[in-house]
Amino acid sequence: ADQAVATLQALKDGAAAPSVPVVATPVASAPVAAPAPSAAASATAPTAAAGATKAEIAAAEKQAKLLTWAYETAVAKGMPQASMMKSKADQAVAAVEAMKAGSQQMAMA
């Protein structure tokens with residue numbers, strides 16, 4: 001959430017978005033370890049989605065709305081960061097949908 005707030009503030013100020021440390025960045029320098037983070041991320045995503053609580057889903061929805069708003073604002077102002085914000089917003093929306101789908105499956109089981 002702090003990352004989104006910092007990005008949003010940077011967009012509001014008209015500055016470039018702050019660089020965000022990504023798990024893949026250290027992996028890029030060590031190609032041997034590249035499969036581990038992607039495998040770990042894909043392994044934890046279904047587990048998190050399947051066991052998501054209402055509070056976790058609400059927090060994810062709030063984050064997705066914030067990122068979507070930041071994207072729309074960036075587009076309206078013609079900012080070059082708009083494409084980056086779109087991908088972040090799309091990822092957040094997909095995560096919310098996965099959490100909701102997982103919680104619905106758990107309810108049916």
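For clarity, every value in this text was computed on a predicted model and none was experimentally measured. Residues: numbered from 1 along the sequence shown. Below, each value reflects all heavy atoms present in this structure, side chains not excepted, and no hydrogens, waters or symmetry copies.
Looking only at side-chain heavy atoms (C-beta outward), L66 and K62 stay at 4.5 Å or farther from each other.
The heavy-atom pair separating V75 from A82 by the smallest distance is CG2-CB, 3.8 Å. Of all non-hydrogen atoms in V96 and A64, the two that sit nearest each other are CG2-CB, 4.1 Å.
Hydrophobic clustering of Ile, Leu, Val, Met, Phe, Trp and Tyr side chains at less than 4.5 Å, counting indirect connections, keeps L67 apart from V93.
Once rounded to the nearest 0.5 Å, the distance linking OH of Y71 with CE of M79 reads 14.0 Å.
With sequence neighbours left out, the side chain to side chain donor-acceptor pair (under 3.5 Å) criterion links E61 to K100.
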